[in-house]
Asks: 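Mind having a look at this structure? Questions to follow.
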Amino acid sequence: MDDYITLTYHGREFRLPLVAGSQGETAVDISRLRQETGLITLDPGFANTGSCRSAITFVDGERGILRYRGIPVEQLAERSTFKETAFLLINGALPTQKELTRFSVLLNDHSLVHEDMKIFYQSFPRSSHPMGILSAMVNALRSFYPELQNLEEEINITVTRLLSKVRTMAAMSYKISRGHTVVYPRSDLTYCANFLNMMFDSPVKPYELDPDVVKALNVFLILHADHEQNCSTAAVRVVGSARVNLYAAISAGIAALWGPLHGGANQAVIEMLTEIYRQGDLGAWVARAKDKNHPYRLMGFGHRVYKTYDPRARIMKQMAHVLLEKLKVSDPLLDVARELEAIALKDDYFVEHHLYPNVDFYSGIVLRAIGIPTNMFTVLFAIGRLPGWIAQWKESMDDPAWKLCRPRQVYSGPGERDYVPIEER
Ligand code: ACO
């Protein structure tokens with residue numbers, strides 16, 4: 001392979017080095033472009049821009065491949081737990097038994113949330129969206145728990161604190177929003193079982209843990225655990241590049257994830273399926289999504305990177321089917337989703353635009369079966385994505401090439417003009 005490409009500009013030739021990734025993808029290194037040519041690049045939405053080198057997650061959007069640290073997500077979903085996958089993403093390798101036990105102990109030790117934080121929760125209006133609350137509360141963690149990030153061991157404490165407390169805080173926000181007593185974490189329960197217990201246990205109706213539900217939650221979280229440089233991860237890296245504290249960087253990621261074009265799509269999908277179920281006429285919904293004059297899009301369809309079936313959606317669809325059967329639950333929205341998918345996948349517009357179901361299309365059905373309320377769906381996504389955000393933040397902090405993120409622009413406003421006093425305007 002050539003190790004550079006040539007750019008000709010104003011009759012001069014410039015060599016731009018090529019950079020090869022470990023899986024054959026190639027990039028043009030433009031880091032000296034402006035210095036040497038005076039030019040910058042323009043790439044709205046960064047669809048052609050690699051922002052970093054990363055050894056965490058590999059996605060091949062054309063072939064529908066997703067691997068964390070080299071391991072296919074299908075294998076992790078089948079054989080791993082969320083806790084183990086989180087360790088893998090953050091530390092680069094699957095844990096030994098000793099490492100896993102130590103990680104569990106640390107997660108357990110840090111699972112309680114400062115009692116004073118409850119006062120914050122109670123001050124939010126009842127109608128607040130849990131994602132707004134979670135983003136604010138994670139940012140507030142910095143005031144309660146000083147960030148330790150100088151020594152490796154200190155970073156591990158901050159990281160474990162976040163992983164453990166976000167789960168407690170998410171369940172706490174749900175309980176408080178319902179006006180119910182907060183349920184504390186238990187040392188005898190695993191990561192996912194603990195979360196379910198904190199969400200659903202009550203003094204009047206003890207929660208019975210179902211291993212199928214615990215497994216489903218593990219798989220859901222594993223499938224969301226990382227996805228290379230997506231919108232929220234990019235937000236974490238960009239905000240983190242200012243060397244702000246980790247809590248603030250993660251809080252920015254949560255805010256980005258909230259959007260309906262990103263993680264907020266899981267809530268939007270269920271709202272869409274519910275409307276379709278109520279109103280019927282699937283064809284009209286598909287037609288509206290295809291209409292150039294209408295801003296409507298089919299939620300849970302399409303992806304910036306996947307131009308084939310999202311491998312996570314495939315697992316999620318299968319899991320929705322199996323879980324509903326095991327729990328003996330019948331959810332009409334699963335039928336609506338399957339029917340909608342069948343229509344869209346045969347439709348020329350969706351075929352030509354390479355639009356397939358993404359991870360959010362079937363995930364809401366799984367969460368509904370578990371009993372998670374719709375407005376908590378994106379919070380569950382945030383709990384899942386947390387190890388990915390942390391791993392990416394850590395990698396960027398350790399990367400000698402990682403600089404303050406500060407893109408340039410092509411200015412298109414007016415030229416210089418004089419200030420006009422208000423009485424003359
Ligand atoms: N329904 C109908 N048309 C769509 C859809 C959709 N869901 N998604 C993309 N298109 C069309 C666009 O209208 C556009 O058509 P055109 O080229 O004829 O103008 C073309 O496909 C390309 O769309 P872009 O917006 O340029 O693609 P982009 O990569 O920016 O969008 C995105 C990706 C934002 C995910 C988009 O597919 C979308 O809005 N999907 C619905 C929201 C959603 O499900 N988001 C979750 C994504 S997964 C995640 O973040 C976890």
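Order of listing sets the numbers, starting from 1, for every ligand and every atom in it. Starting from 1, each residue takes its place in the sequence as its number.
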Asks: List the atom pairs, donor and acceptor, that lie under 3.5 Å between side-chain atoms in residues 102-112 and the rest of the protein, sequence neighbours left out.
Replies:
{"residue": "S104", "atom": "OG", "partner": "K83", "partner atom": "NZ", "Å": "2.9"}
{"residue": "S104", "atom": "OG", "partner": "L100", "partner atom": "O", "Å": "2.9"}
{"residue": "S111", "atom": "OG", "partner": "N108", "partner atom": "O", "Å": "2.8"}

Asks: Just checking H262 against H227, ring centres under 6.0 Å apart?
Replies: no
Asks: If you measure from CG on L217 to CG on L221, what distance do you get to the nearest 0.5 Å?
Replies: 4.5 Å
Asks: Under 30°, 30 to 60°, or over 60°: which ring-plane class applies to H129 and W258, parallel, tilted or perpendicular?
Replies: tilted
Asks: Distance check, rounded to the nearest 0.5 Å: M319 atom CE versus L324 atom CG?
Replies: 11.0 Å
Asks: For Y356 together with F301, are the ring centres under 6.0 Å from each other?
Replies: no
Asks: Applying a heavy-atom distance cut-off of 4.0 Å, which protein residues contact ligand 1?
Replies: P260, L261, H262, A265, A289, K292, R297, L298, M299, G300, F301, G302, H303, R304, Y349, H353, L355, N358, V359, D360, F381
